[in-house]
Amino acid sequence: MRQRLAVGNWKMHGSLPENQALFEKVAVAAGALSRAIAVVCVPFPYLAQARTALAGSKAAWGGQNVSQHPKGAFTGEVSAGMLREFGCRYVIVGHSERRQFFGEDDATVALKAKAVLAEGMVPIVCVGETLAERERGVTEEVVGRQLSLVADRLGAEGLKASVLAYEPVWAIGTGKTATPEQVQAVHAYLRGALAAREKNIAESMPILYGGSVKAANAAELFRMRNVDGGLIGGASLVAEEFVTICQAADS
Ligand code: PEP
């Protein structure tokens, strides 16, 4: 059975007192889950707080980005080794906001995923098409290319230890959610593309959906055959919303 996950991407939000309340609620909710893991990917300065607040709970925490380099003169960057030191188990790589605003290309995303694996953590590799690409009918081509480059770099061993997240760019932070059928279709395509490389990996790799997931729509999305949970932005900042989404991933 594939691992199910509810991963909160806090983006550049939070403050010490607000985080504390959220961590406490996530820790309690995570303890009640039987098969899903609740994960919060927080801004770097809050990793120490996450570690203190969540250590000993069933919740995991992680980073939203990482350098592809292990160390060196890269001002402002954070290495995978540093994230591991703070107890991260997961790291998001290739989020569309990184691709769009910080110029990350597929090759860089692949290097970042490799850096995460090298430190024994799990990369959550994001792929997804823009609205223009969907309207041109090239969704599969786009996500297939994004997946393929990472898969080539990671190889079977690396892929086996990774998580994939399908995040249509037009659904992120827009309130526009892809329909369960649209999500299922792309997830099935991605799983098929993985199967063409290695059947075992295709069957075991969790594929998450991200894009305006809320408490109100999580259950119908996560019920789809190839959907193993979600990557949640805005709704992960509201405890009641995120807790319900975690429960939907668990059922
Ligand atoms: C995200 O940041 O990955 C995301 C899916 O955001 P939102 O849930 O707000 O659309």
Side-chain angles (χ1 to χ4, degrees), residues 4-14 18-19 22 26 29 36-44 46 50 60-66 88-102 104 106 109 112-113 116 122-131 133-134 139 142-143 146-147 150 162-180 182-184 186-187 190 206-222 224 226-249:
R4 293 180 67 90
L5 293 147
V7 182
N9 172 18
W10 286 14
K11 311 197 188 202
M12 200 171 69
H13 293 291
E18 282 169 359
N19 303 347
L22 198 43
V26 171
I37 301 179
V39 184
V40 284
C41 292
V42 303
F44 295 140
Y46 299 140
W61 57 97
Q64 302 170 11
N65 181 32
V66 68
C88 291
R89 270 169 54 197
Y90 296 87
V91 184
I92 299 169
V93 297
H95 190 280
S96 67
E97 287 154 15
R98 300 293 320 166
R99 296 177 189 258
Q100 193 180 343
F101 303 130
F102 301 95
E104 289 186 14
D106 292 330
V109 173
K112 289 185 175 208
V116 171
V122 178
I124 300 173
V125 180
C126 302
V127 298
E129 82 287 4
T130 62
L131 184 58
E133 288 164 339
R134 175 159 282 267
T139 296
V142 170
V143 299
Q146 291 170 333
L147 171 63
V150 174
S162 303
V163 168
L164 193 57
Y166 168 55
E167 295 214 308
V169 179
W170 49 273
I172 297 179
T174 58
K176 262 191 232 162
T177 316
T179 65
Q182 285 173 321
V183 174
Q184 166 62 24
V186 178
H187 282 223
L190 289 167
I207 307 182
L208 312 181
Y209 167 73
S212 298
V213 176
K214 309 180 215 33
N217 60 21
E220 62 171 0
L221 288 161
F222 299 170
M224 303 311 281
N226 277 298
V227 181
D228 305 305
L231 179 52
I232 328 297
S236 71
L237 298 164
V238 182
E240 297 65 33
E241 284 278 317
F242 190 58
V243 168
T244 303
I245 293 167
C246 290
Q247 290 161 350

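As the structure lists them, so they are numbered: ligands from 1, and atoms in each ligand from 1. Note that the structure is predicted; figures quoted are calculated from it, not measured.
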Can you name the residues that form a side-chain contact (heavy atoms from CB on, under 4.5 Å) with Thr244, not counting sequence neighbours? Ala215, Gln247
Look at the side chain of Arg4 and the backbone N and O of Phe222, then say whether any donor-acceptor pair between them is shorter than 3.5 Å. yes
Are His95 and Gln64 close enough, and set up right, to give a side chain to side chain donor-acceptor pair (under 3.5 Å), and what steps lead you there? CA-CA 8 Å; His95 190 280; Gln64 302 170 11; over 6 Å; no
Can you check whether Asn217 reaches Lys214 side chain to side chain, under 4.5 Å on heavy atoms? yes
Around ligand 1, what residues show up once you keep those with a heavy atom under 4.0 Å from it? Asn9, Lys11, His95, Glu167, Ala171, Ile172, Gly173, Gly210, Gly211, Ser212, Leu231, Ile232, Gly233, Gly234
Lys11: which residues meet the side chain to side chain donor-acceptor pair (under 3.5 Å) condition with it, sequence neighbours left out? Glu97
All side chain to side chain donor-acceptor pair (under 3.5 Å) counterparts of Arg99, not counting sequence neighbours: Asp106
